[in-house]
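All remarks here apply to the structure that follows.
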Protein chains: 2
Amino acid sequence: MKTHKTKSSNSNNAAPNTHTVRAYESVVAKIRLLIEEEKLGPGDLLPPERQLADRFKVSRHSLREAIRVLQEQGVLSAKQGSGNYIQAASQADLIRALGFTSKGSTRRLFDLFQLREMLEPQICALAAEMATTEQLNTIRDFAEKVETTEDFQEGQKLDQSFHEAIAAATGNELLYNVLREINKSMLPTASTPTERQRRDRVSNEGHRRIIAALEAQDSEAAREAMRLHISEIRSEVI
Amino acid sequence: MKTHKTKSSNSNNAAPNTHTVRAYESVVAKIRLLIEEEKLGPGDLLPPERQLADRFKVSRHSLREAIRVLQEQGVLSAKQGSGNYIQAASQADLIRALGFTSKGSTRRLFDLFQLREMLEPQICALAAEMATTEQLNTIRDFAEKVETTEDFQEGQKLDQSFHEAIAAATGNELLYNVLREINKSMLPTASTPTERQRRDRVSNEGHRRIIAALEAQDSEAAREAMRLHISEIRSEVI
DNA sequence: GACAAGAAATGGTTGTACCAATTCCACATT
DNA sequence: AATGTGGAATTGGTACAACCATTTCTTGTC
């Protein structure tokens, strides 16, 4: 056996099944809790690793795995000889804010579209100025796939990727992440086949206008095309 | 010694300076390289940890830190007793791969301001149409307090409250939450007293223009006033 | 050939020791 | 009294070794 490159042939569970909780995972949660409870803000420093390991009843190794993860998530930053510092509110928190919302379903959807109508036209305008040819190709690819895909769910995912790719083309990672979260919040809206057909047609026309504007590097046209697109979709959905 | 909650008072380098390369970081890079070179795809499995640690000449601990990070990034998934498997790349990764560079502290701030410049003028325009007299009073209150407050930190908080109150006046809870998170992400920017004075003056003039537009229920004027305000602040800060 | 028991492999966890950078503090110098 | 200054203490970084828990492979039995 060559050790690696082994296709796990049969009943491979791609989805992490029941998933035993690792030590470091609970520690990550505990540290997050600690930060919140102690109201630790940017610049404050965490108790020493040895002390935390003792407090949480885990080895320093496990604790450090948690630190690494939090560091990778941008929550902490380590400084040898000094300590582990709290970083500025992570982008993750901003993103999380989009996840919540308790309100009624239509209210929630309305709010979301309002946000999209504020944000996406501007993103599109910026993308018109910033996009590389490679990024433009990616955007075009997604738009094409949307048109040729039969499966409705798959089509919705591709449509989201289209919008995300435009956000990515701005070169602003924050905008990309925010848009991704917005898309996650957009629940798959069930509808009748005829409604879908109509929506798809309207949507595809919108995509073409947007791509044309992006190709022309015409930021004003791009802004307007996206504004119209979102507005049309909203009318269809709500 | 209170162990934590210690503001690193003076020469705090918020920007991770030269940054000595940790062992695990280079290992992360090496594993990524390994995956590419060996053309490992989703479902394939990595060589055992002990073997990799030996190959890369690092302790198993350091190697495992790298594994954790890659796991957190969604590149790997570990299965006890079996091995570390390569995860399927999501199309999000594809899009992401097309851009995004540094991550430097200034870049982050720039991204944030870009988002604010996209969002807040529109929020302000909407608020001009939607705000009740009571909400207007709240907004005015915060603006006044900003002008009369001596303490710098307190002033910054009040300024944030001013912006949040405007978002609240839109009646869109989502917008309010997003703006709150954006504000949390804005680092307290240290600066000299003269800089502060100048910034405060510019800021207060902006607030007055914004309030005037809101009172007049002139959404276009409100949009423009906020656009100018954010733009001015950005120039001062960056 | 099927199946069960045990051996081997592999990730998960712990403990200890030491290195490297930083911070702290007592003491000497001025 | 203010200021260096050098060493001790603190704290994160790395390493080695051992053992546990789960999975996988091997072997022997029927």
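So that the names make sense, note that chain A is the first sequence line, chain B the second, and so on, each numbered from 1.
- Of the side-chain N and O atoms in B/R60, none sit less than 4.0 angstrom from OP1 or OP2 of C/dT10.
- In this pair, B/H207 and B/H229 present their aromatic rings perpendicular. The plane angle is above 60°, beyond the 30 to 60° band.
- Contact between the side-chain N/O atoms of B/N84 and the OP1/OP2 oxygens of C/dT10 is not found at any separation under 4.0 Å.
- Following rounding to the nearest Å, B/Q71 (CD) and C/dG11 (C1') show an atom-to-atom distance of 10 Å.
- Closest approach to the B/R68 side chain among C/dG12, D/dT14, C/dA21 is made by C/dG12 (side chain taken as heavy atoms from C-beta onward).
- With D/dG13, C/dG12, C/dT14 as the choices, the nucleotide that has an atom nearest any side-chain atom of A/E49 turns out to be D/dG13.
- Distance B/E65 CD to D/dG13 P: 8 Å, rounded to the nearest Å.
- Of the possible donor and acceptor atoms, one in the side chain of B/S26 sits under 3.5 Å from a partner among the backbone N and O of B/A23.
- Taking CD of B/E117 as the start and CG of B/L112 as the end, the distance is 11.5 Å to the nearest 0.5 Å.
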For nucleotides 4-10 of chain D, which of its nitrogen or oxygen atoms have a protein nitrogen or oxygen under 3.5 Å away, and what is each distance?
none

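- For C/dT10, the OP1/OP2 oxygens have no side-chain nitrogen or oxygen of B/R50 closer than 4.0 Å.
- Contact check for B/I35 versus B/L46: side-chain heavy atoms found under the 4.5 Å cut-off.
- Residues A/R68 and A/E72 have side chains not in contact (no heavy-atom distance under 4.5 Å, counting atoms from C-beta outward).
- For A/E144, the side chain to side chain contact (heavy atoms under 4.5 Å, CB included) test picks out no residue, with sequence neighbours left out.
- Rounded to an integer number of Å, the gap from B/I67 CD1 to C/dT13 P is 14 Å.
- Between the CG atom of A/L52 and the C1' atom of D/dT11 there is a distance of 12 Å, rounded to whole Å.
- Checked against C/dG15, D/dT14, C/dG12, the side chain of B/R22 finds its nearest nucleotide in D/dT14.
- Atom NE2 in A/H61 sits roughly 13 Å away from atom P in D/dA15 (whole-Å rounding).
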Apply the test side chain to side chain contact (heavy atoms under 4.5 Å, CB included) to residues A/R64 and B/H61: give CA-CA distance (whole Å), side-chain angles for both, the deciding distance (0.1 Å), then the verdict.
CA-CA 10 Å; A/R64 277 172 61 77; B/H61 174 92; 3.5 Å; yes
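- When rounded to the nearest whole Å, the span between CD of A/Q80 and C1' of D/dT14 equals 9 Å.
- Summarising the geometry, the separation between CG on A/L45 and C1' on D/dG12 is reported as 12 Å, rounded to the nearest angstrom.
- Put simply, CG on A/L46 is 12 Å from C1' on D/dG12, counting in whole angstrom units.
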